[in-house]
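One structure below.
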Amino acid sequence: EAEFGGILCINYLVNITWQVFSRRMGLSVFRGSRVVDRLVTKKYIERVDCYEDKMCKNIWFTEKGKKIHQIIAEEIQHIEDVLTSGYPDAKLMLLKGDLKRICRKL
């Protein structure tokens, strides 16, 4: 589950630090680095030391990671299309707003 979330929180066009990665996932830097380690082991991302700070690491997708990110994004879009088919745009906007409010309260 954490690796799935990790793949989704990385933009495949931009390198990020693992501190930013951890923040996006809502994890401590320590826990975020463990997710990064697992993604590196599975060859979904690469990691390199930052020039300015040796405690900092830059991460980005490998080709394998880009492919899995694209597959996941397409599947999510397909599921969203199926779930929202038949809804007028105005109703969808209201529904998305309501869902965002519910998520913030969780």
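FYI, the numbering just counts along the sequence from 1. Predicted model only: the values in this text are computed from it and were never measured.
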Self-check item: Qualifying residue, where the test is side-chain contact (heavy atoms from CB on, under 4.5 Å) with Trp18 and the options are Ile45, Asp37, Val36
Solution: Val36
Exercise. State the OG-CZ distance between Ser28 and Arg23, to the nearest 0.5 angstrom.
Key: 13.0 Å
Quiz item: Do Lys64 and Tyr44 meet the cation-pi criteria used here (NZ or CZ under 6.0 Å from the six-membered ring centre, within 45° of the axis)?
Solution: yes
Quiz prompt | Spatial distance of atom CG (Leu83) from atom NE2 (His78) [nearest 0.5 Å] | solution = 9.5 Å
Quiz item: Going from CD on Glu63 to CD1 on Ile68, what distance comes out if it is rounded to the nearest 0.5 angstrom?
Solution: 13.5 Å
Quiz item: How far does CD of Glu46 sit from CG of Asn15, to the nearest 0.5 angstrom?
Solution: 10.0 Å
Practice problem: List the steps and the verdict of side chain to side chain contact (heavy atoms under 4.5 Å, CB included) for Arg24 and Ile16. | Solution: CA-CA 11 Å; Arg24 285 182 183 176; Ile16 62 171; 4.0 Å; yes
Practice problem: Calculate, to the nearest 0.5 Å, the distance between atoms CD1 and CG belonging to Ile76 and Asp81 respectively. | Solution: 12.0 Å
Only distances under 3.5 Å count here; give the side-chain donor-acceptor pairs of residues 1-9 to other protein atoms, sequence neighbours excluded, each with its distance to 0.1 Å.
residue	atom	partner	partner atom	Å
Glu3	OE1	Lys42	NZ	2.6
Glu3	OE2	Arg38	NE	2.8

Quiz item: Side-chain heavy atoms under 4.5 angstrom apart, residues restricted to Ile, Leu, Val, Met, Phe, Trp, Tyr: same cluster for Phe21 and Ile72?
Solution: yes
Quiz item: Among the clusters formed by ILVMFWY side chains lying less than 4.5 Å apart, do Val29 and Val40 turn up in the same one?
Solution: yes
Exercise. Mind listing the closest non-hydrogen atom pair of Ser22 and Ser33 along with its distance?
Key: OG-N, 4.2 Å
Self-check item: Joint hydrophobic cluster, Trp60 plus Val35, side-chain heavy atoms closer than 4.5 Å
Solution: no
Self-check item: Polar side-chain atom of Thr17 near backbone of Asn58 as donor-acceptor pair, under 3.5 Å
Solution: no
Listed pairs under 3.5 Å, donor-acceptor, residues 89-102 side chains, sequence neighbours left out:
residue	atom	partner	partner atom	Å
Asp98	OD1	Arg101	NH2	2.4

